[in-house]
Amino acid sequence: MAQSVHKVMQPKDYLIYRLSGRFVTDLWSARCFANAHTGVPNKDLLAFWGFDESVVPPIFKVADVCAYLDNEQA
């Protein structure tokens with residue numbers, strides 16, 4: 001199963017992806033697979049689940065600008 005996973009994300013993250021073309025998440029949403037304070041993915045936990053770090057999208061603080069609308073989506 002782990003081989004078929006491209007990115008781990010919440011529904012709101014998927015909406016950002018569809019609107020901007022960028023895979024991103026925030027610290028709160030990433031807390032189950034990354035350090036909630038630093039955003040560094042937990043390699044041991046991901047390995048336990050059979051994933052590598054590539055399934056974790058870039059992690060931003062909630063107030064950071066993480067993406068802009070794709071011109072075709074605007």
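We're numbering straight along the sequence, starting at 1.
Using a distance-only test at 3.5 Å, with no hydrogens or angles considered, a donor-acceptor pair links the side chain of N35 to the main chain of H37. The closest donor-acceptor contact from the side chain of S20 to the backbone of I16 lies under 3.5 Å. The backbone N or O of C66 lies less than 3.5 Å from a partner atom in the side chain of R22, making a donor-acceptor pair.
Hydrophobic cluster membership is shared by Y14 and F23, with clusters built from Ile, Leu, Val, Met, Phe, Trp and Tyr side chains linked at under 4.5 angstrom. The same ILVMFWY cluster, assembled from side-chain heavy atoms under 4.5 Å apart, contains both V56 and L45. V8 and W49 fall within the same hydrophobic cluster, where Ile, Leu, Val, Met, Phe, Trp and Tyr residues are linked whenever their side-chain heavy atoms come under 4.5 Å apart, directly or through other members. Using a 4.5 Å cut-off between side-chain heavy atoms of Ile, Leu, Val, Met, Phe, Trp and Tyr, with links allowed through other members, I59 and L46 fall into the same hydrophobic cluster.
Contacts of F33 classified as ring-ring contact (aromatic ring centres under 6.0 Å, His included), with partners at least two apart in sequence or in another chain: none. Residues satisfying the salt bridge (Lys or Arg N to Asp or Glu O under 4.0 Å) test with K7, not counting sequence neighbours, are none.
The salt bridge (charged side-chain N to carboxylate O under 4.0 Å, His left out) pairs that include a residue from residues 40-54 are K43-E53, where partners are two or more places apart or lie in different chains.
Side-chain atoms of S54 and H6, non-hydrogen and from C-beta on, never get closer than 4.5 Å to each other. For the pair K61 and L27, the minimum side-chain heavy-atom distance is below 4.5 Å.
In this structure, R18 CZ and D13 CG are separated by 14.5 Å, a value rounded to the nearest 0.5 Å. The line from CE of M9 to OH of Y17 is 7.5 Å long, rounded to the nearest 0.5 Å. For the atom pair CG of D26 and CG of D64, the computed distance is 10.0 Å after rounding to the nearest 0.5 Å.
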